[in-house]
Each structure stands twice: as structure tokens, then as C-alpha cells.
Protein chains: 2
Amino acid sequence: MADTARRPENRYGNRPTMKDVAARAGVGLKTVSRVVNGEPGVTPETERRVQEAIDALGFRRNDSARVLRKGSTASIGLVLEDLADPFYGPLSRAVEEIARAHGALLINGSSAEDPDREQELVLALCARRVDGLVIIPAGDDHRYLEPELKAGVATVFVDRPAGQIDADVVLSDSFGGARDGVAHLIAHGHRRIGFIGDMPRIHTSAERLRGYRAAMEDAGIPIEDAWMSLGVTDPERVRRAAEEMLTGPSPVTAVFAGNNRVTVTVVRVLAEHRRPVALVGFDDFELADLLQPGVTVVAQDAAQLGRTAAERLFRQLDGTLITPERIELPTRLITRGSGELPPAG
Amino acid sequence: MADTARRPENRYGNRPTMKDVAARAGVGLKTVSRVVNGEPGVTPETERRVQEAIDALGFRRNDSARVLRKGSTASIGLVLEDLADPFYGPLSRAVEEIARAHGALLINGSSAEDPDREQELVLALCARRVDGLVIIPAGDDHRYLEPELKAGVATVFVDRPAGQIDADVVLSDSFGGARDGVAHLIAHGHRRIGFIGDMPRIHTSAERLRGYRAAMEDAGIPIEDAWMSLGVTDPERVRRAAEEMLTGPSPVTAVFAGNNRVTVTVVRVLAEHRRPVALVGFDDFELADLLQPGVTVVAQDAAQLGRTAAERLFRQLDGTLITPERIELPTRLITRGSGELPPAG
DNA sequence: CCTGGATCTGACAACGTTGTCCAGGCTCTA
DNA sequence: TAGAGCCTGGACAACGTTGTCAGATCCAGG
């Protein structure tokens with residue numbers, strides 16, 4: 001009775017353990033372990049008996065115990081902004097594929113662009129002793145990671161750099177991409193060019209804004225405040241921002257959209273607008289080529305970002321990689337029509 | 001020396017444990033545990049000392065050990081076909097949100113539509129003792145899950161039913177949706193209607209095909225073999241299949257596309273085609289409204305599928321839910337133009 | 001028949017945590 | 001002032017696995 005009371009309440013109707021298998025097969029505990037792990041030194045006859053017991057009982061090794069004993073979980077964590085964002089799909093998948101190639105599982109979570117939630121998630125993953133972390137940061141202070149890094153948790157940041165700590169990071173060249181995109185519009189004769197982007201506290205947003213400014217400055221075009229919308233992110237307000245730029249006292253003839261969600265909303269606004277307005281968007285998206293006109297974009301390779309990050313992560317784990325680096329992947333301008341429209345109005 | 005030799009090689013440069021914290025704070029092991037878990041019965045002064053030691057050492061509780069002791073992992077597994085598929089993004093996210101609300105983490109993996117890989121993933125998740133599984137099955141025989149179910153792993157299938165076992169499943173009404181979509185085309189005067197779908201061994205594909213057949217039969221229209229393309233899935237072959245239907249001896253005037261990827265490819269083909277052809281697709285997709293003409297679709301609510309499944313999962317874990325059920329969520333026809341084109345040619 | 005070596009097997013401790021239980025110190029009341 | 005009862009803290013076992021090491025078994029060769 002005291003015996004059963006001591007048993008912790010657990011959800012698995014007391015699954016069979018190696019001990020149970022051993023008892024049933026009439027062998028020792030360690031022999032079962034050997035069979036389960038394919039270690040040598042077991043006679044075929046013994047192995048058969050053990051295998052039979054395993055099948056009969058429906059035994060499945062408890063990896064929690066294994067992890068506890070061995071110290072490595074063979075799993076990595078991925079923290080991103082929103083699993084549902086089409087930009088992150090290919091990225092996650094790429095990370096997963098690399099993890100799989102290294103025999104690791106992927107645990108992931110969405111931070112919803114909330115720094116507290118990011119930290120909560122990251123620490124939960126650390127408590128589970130993931131071997132490594134791929135983080136698309138929401139916050140800009142990652143000092144909370146210091147004990148983890150010191151303890152040897154491999155970490156790679158993607159898409160945006162870590163804040164206040166020195167860590168590996170894999171980025172797209174947001175600055176260069178935006179500058180090229182805006183320069184492309186300028187080359188097609190535009191001078192009054194609008195920029196709609198996310199909050200400048202997000203690194204990529206800030207870099208893209210910087211690219212926009214650089215391109216304008218290179219062309220000697222002074223920027224009017226009314227041409228810029230920053231930190232506006234939900235569709236309704238992006239719509240309003242776009243409309244204001246198009247109808248203000250000094251209306252823009254072209255728009256540079258800072259990310260795929262903004263681009264999509266702007267496409268909708270422009271579709272309702274009588275005067276043709278040129279558009280270049282950061283991030284490619286499906287069907288961009290089928291719209292009328294096709295949408296010219298600065299494309300970044302999300303899968304490649306994920307792949308690169310995951311590969312670096314496993315090289316950290318191998319010990320091949322020591323010094324944190326910053327890797328910038330190039331972007332690619334894809335012209336489809338919307339960015340080549342001449343200024344109108 | 002024997003001491004260090006016995007220590008297993010592990011990746012975490014020997015992180016501090018509760019024992020270390022206890023030693024540093026000059027208290028007992030259990031007291032540290034109490035502080036970490038916010039249990040009552042610790043004086044503020046003691047708590048302060050312990051907290052100080054925790055911060056100083058960078059201690060983080062090892063959840064593997066905790067799981068081993070407590071028997072519940074507070075994590076659930078999600079196995080789907082492809083994380084990168086935009087259809088699964090909102091679904092995963094919805095599952096994650098529900099999990100989060102229950103304090104559980106999400107571990108997920110892509111089966112890549114390969115039954116062996118699905119099984120491998122599912123069993124790996126079971127070995128980690130996830131509390132429950134949400135599975136979008138690739139295979140059609142899930143008897144391998146029987147020991148797990150018996151052991152009390154909560155399981156919900158989504159989008160497609162389990163094979164050979166009795167389990168909870170949450171589906172969209174593929175049959176009804178497809179029938180309505182095809183009936184819609186018939187109502188607009190079409191009689192030669194093509195169907196392009198995935199392999200009929202996939203449940204949803206088979207159901208949608210059945211819906212197509214039912215609608216045609218209801219209207220008394222005999223189906224010609226040349227109007228159906230089944231099991232073709234990569235863009236190039238879908239393209240060829242569509243072109244054959246459009247140019248064959250008895251060319252179709254409308255196409256019903258069995259899933260979002262097929263729809264997108266068909267849109268491309270039709271865009272190059274001189275004669276207007278009507279189109280209804282299963283699954284909604286972003287920007288469908290902005291194409292010329294807008295694409296009429298049978299929409300299913302991926303997020304709702306995920307939410308429903310995850311909620312049922314946690315109700316299984318609560319013990320509120322015992323008997324497996326089959327839940328079918330309705331689909332919704334969204335008319336945007338492409339499905340309302342009259343027959344031409 | 002015995003010995004040496006190789007091969008196979010099992011007892012045991014340890015991984016880091018939590019549940020149980022008991023000891024000691026304190027407060028409060030009769 | 002003694003006894004009851006509460007509060008705090010700590011010793012110990014157990015969770016299921018794996019590494020270590022020593023014991024058991026077998027066979028060939030002397």
C-alpha cells in the first residue's frame with residue numbers, strides 16, 4: 001500500500017520498462033539494454049528471447065531516462081516569430097532537414113514578436129537541454145542566454161542579430177537588397193518614392209530603411225517625412241498609410257514595401273487605385289508573377305538561411321566551429337513588371 | 001581518476017545541479033527544489049539565499065530528470081506532411097497556441113508524405129514520452145501505434161483518418177466541399193469538367209474525387225476518363241495533365257483542382273491559354289482574390305482544424321474524452337470569378 | 001582433467017530531480 | 001512549564017536508463 005502511494009501519478013498507464021522486459025525474457029537488465037541499442041556481445045538466441053519480450057510487452061525505450069544518463073538530447077530548438085508566416089515555413093523545414101540528417105528532432109515555438117515570450121520559450125528549451133538553438137529573435141537583449149552559452153548550448157541567430165551578446169548570426173543583406181530595390185525604382189525615373197516598413201527596433205526593418213535612405217541619398221533625392229511609414233504592421237493601418245502617401249500633397253509615384261505582408265497589402269491598395277504606381281517589395285511570395293502586373297521583389301532565400309544556420313549549429317556541436325561570425329547572404333532582385341512602371345501623375 | 005572516467009561524456013560543460021546550488025547556499029537539496037518550484041514552506045531569508053546561489057551559478061533545472069521523476073513531459077508532438085506547405089502553417093500555429101495555453105511545448109516533424117518516415121517520427125516522439133500526438137498521417141496503416149495508445153498516449157488524427165485503428169480524427173468535409181464546388185460549375189452551365197487531384201490512396205484526394213463523381217452523377221453527366229488526372233503531383237506533370245484536358249478531343253470547359261498546389265499550377269496554365277476556362281480549387285490561398293479573374297475556391301479552415309484537434313487532445317489528457325470520434329468541419333465556397341465563367345469554345 | 005582466454009551476462013552505481021517522511025525548533029495554550 | 005501542534009529543513013529512495021566491472025560459461029590446447 002505504501003508501495004503504491006509512493007508511485008507518482010503519471011499519464012502513461014505504467015509502461016513496461018527494461019526491467020519488465022528482462023524479467024519476462026529471463027535475462028538481466030543490461031542485456032535488454034544491449035539488445036535495444038544494438039550493442040555487440042549478445043547471442044542470437046538471447047537476442048531473440050529479448051526481442052520477443054519487447055514485442056509482447058510493447059516496450060519502448062524511455063528517452064527521458066536515456067537523456068538524463070547520456071547528457072545529450074539529440075534535439076534542437078527553433079524559436080521564430082510565427083510558424084504561420086509563409087516566410088518561415090521553408091526556413092523551418094530547412095532546419096528540420098539538417099537536424100534530421102544529424103539524427104536530431106526539432107522542437108519549435110513562436111514568439112509572436114514578443115521578447116518576453118521569446119525568452120520564456122528559449123529558457124524552456126534550455127531546461128529541456130536541447131543540444132542547440134536556432135533563434136529568430138524578437139527582443140534585442142539576449143544577455144539572459146549567457147549562462148546557457150557558457151554551459152555549451154550551441155546557438156545561432158537567424159534573420160536578425162543577437163542583442164548585447166556575441167553570437168553566431170546568419171542574415172540576408174537587408175541593407176543592400178533594399179538599396180538595390182530602391183535604386184531600381186530610381187533608375188526607372190522615380191523620385192517621389194514611399195517606404196512602408198515595420199518597427200525600426202527590428203533589425204531587418206532598420207536595415208531596409210537604411211538601404212532606402214542610402215539609395216535616395218546616392219541619387220541626391222531629399223526624402224519627405226510623409227513618404228515614410230514605420231512601425232505600422234497590421235493590414236488596415238498599412239492600407240491607410242499607403243493611401244495617404246498616394247494622395248498627399250506630394251504624392252509618391254512608387255512604393256518600396258519592407259516585407260512580404262506589407263507588399264501584399266500594398267498590392268491590394270494599388271489594385272484599387274486608378275493611377276499606376278510602381279512597387280518593389282522585400283521578400284518574394286507565391287504567385288507574385290501571376291498578378292497584373294507581376295510584382296518585382298527583392299528576394300531572400302529563406303531555406304538557405306535556415307540551412308546555413310542549422311549547419312553552423314551542428315558545426316558548433318562538432319567543435320569544428322568556435323568563433324561567432326556574422327554571415328550575410330545576398331538578395332536577388334526579380335523584375336516582373338511592377339517595379340518597371342514609369343512614374344505617372 | 002576512476003571518478004572522472006565514470007562521468008559520461010556530455011555536451012553541457014557540466015552544468016550546475018540542485019546539489020551544487022544547495023551546497024553554495026548552505027541548505028539541503030530539497031529546499032532548493034522547493035524554491036525552484038515555488039513550493040511553500042521556505043522562509044524568505046532561506047529563499048533569498050537559494051535564489052542568490054541559483055543566479056550566481058546560472059542554474060537551470062534539468063527537465064529530463066524532472067520528466068523522468070514526474071512522468072509527464074508537458075509536450076506534444078505534431079507530425080505533418082511538410083512544414084513549408086502554406087496550408088500547414090496556420091494549422092501548426094493553432095496547435096501550438098492550444099499547447100501553450102496548456103503549458104506544453106510542441107515538437108514537430110515533417111513526414112514528407114512517406115509512411116516510413118511518419119512511423120519513425122511518431123515512434124521517436126513516443127520514446128520521448130510526449131503526452132500526446134497530433135498526426136496528419138501519410139501512411140494508411142497505424143497499427144504500430146497500438147502499444148502507445150494502450151499505454152495512454154493521447155492521439156488525434158487531422159485532415160485524414162487513421163488506418164486500421166480506432167482513433168480520434170478531425171477532418172474537413174472533402175466530399176461535400178468537392179461536390180458543392182463541382183455542382184457550382186455545373187450550375188454555371190459546364191458539362192465537360194476536368195478533375196486534377198493527388199493520389200487516391202490519400203483519403204482527402206479520394207473523398208474529393210468521390211465528390212466530383214457524385215456531383216457529375218447528380219447532374220446526369222457521364223465522366224470521360226480523359227477528364228481526370230489522379231496521383232499527379234509535381235508542377236510539371238500537373239501542367240501537362242491540364243494541357244491535355246484542355247486540348248483533347250473532348251476538351252473541358254472547366255477544371256476542379258483537388259488542392260492548393262494543383263490550383264496554383266492550373267492558374268498558371270490557364271493564364272497562358274487563349275480560351276477562358278472556369279476553375280474552382282479546393283483550399284483557399286493568399287492573393288486568390290487579386291488574380292484576374294479571382295479564383296473561386298472551396299475553403300477549409302486550417303487553423304480551426306488544428307485548434308479542434310489540439311483541444312480534443314487535451315480533453316483526452318484530462319480524461320474528459322474517452323470514445324474516439326470522427327469530426328467533420330464544413331467547407332465554404334468562396335466565389336471570386338473564375339468559377340462563374342460560362343463555358344467557352 | 002585443468003588452464004587460459006575469449007565471450008557473454010548481470011549486479012550495481014550514477015544521471016538530476018521530486019515525493020515521503022521524520023527531526024528539530026518554534027509558538028501557543030492550559 | 002509541559003505538551004500539542006505548526007513550520008522549516010534535510011535524508012533518502014525512486015524514476016528508467018547506461019557505463020563499469022566482475023563473474024559465469026565455454027572451448028581449445030596442454
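Throughout, a chain's letter reflects where its sequence line sits, starting with A, and its residues are numbered from 1.
Side chain to side chain, A/Gln119 and A/His142 fail the donor-acceptor criterion of an N or O pair below 3.5 Å.
Residues B/Glu148 and B/Thr155 have side chains not in contact (no heavy-atom distance under 4.5 Å, counting atoms from C-beta outward). With contacts defined as side-chain heavy-atom distances shorter than 4.5 Å, the pair A/Ile107/B/Leu106 does not qualify.
Residue B/Leu68 places its side chain closer to C/dG16 than to any other of D/dG19, C/dG16, C/dT17.
Residue A/Asn37 has a polar side-chain atom (N or O) positioned under 4.0 Å from OP1 or OP2 of D/dT18. Contact check, A/Lys70 against D/dG19: a side-chain N or O comes under 4.0 Å of OP1 or OP2. The phosphate of D/dT18 has OP1 or OP2 within less than 4.0 Å of a side-chain N or O from A/Ser33. Phosphate contact (OP1/OP2 of C/dT18, side-chain N/O of B/Arg61, threshold under 4.0 Å): present. Checking the phosphate oxygens (OP1, OP2) of C/dT18, a side-chain nitrogen or oxygen of B/Arg66 falls inside 4.0 Å.
No engagement by B/Asp63 is indicated, since no non-hydrogen atom pair under 4.0 Å with the nucleic acid exists.
In summary, B/Arg93 and A/Asp82 engage in a salt bridge, as defined by a charged side-chain N under 4.0 Å from a carboxylate O. Taking the charged nitrogens against the carboxylate oxygens, A/Glu97 and A/Arg307 have no contact shorter than 4.0 Å, which rules out a salt bridge.
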Can you give me the N/O atom pairs linking the protein to nucleotides 22-25 of chain C at distances under 3.5 Å, or say none if there are none?
none

For nucleotides 9-12 of chain D, give me every protein contact, N/O to N/O, under 3.5 Å, one pair per line with atom names.
from, atom 1, to, atom 2, distance (Å)
D/dG9, OP1, B/Thr43, OG1, 2.9
D/dG9, OP1, B/Thr46, OG1, 2.2
D/dG9, OP2, B/Thr43, N, 3.3
D/dG9, N7, B/Arg34, NH2, 3.1
D/dG10, OP1, B/Gly28, N, 3.3
D/dG10, OP2, B/Gly28, N, 2.3
D/dG10, OP2, B/Thr31, OG1, 2.9
D/dG10, N7, B/Arg34, NH2, 3.0
D/dG10, O6, B/Arg34, NH2, 3.4

N/O-N/O pairs, protein side and nucleotides 26-28 of chain C side, under 3.5 Å:
none

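With A/Val158 as the fixed residue, the side-chain contact (heavy atoms from CB on, under 4.5 Å) test singles out one of A/Val95, A/Ile136, A/Leu313, A/Leu171: A/Ile136.
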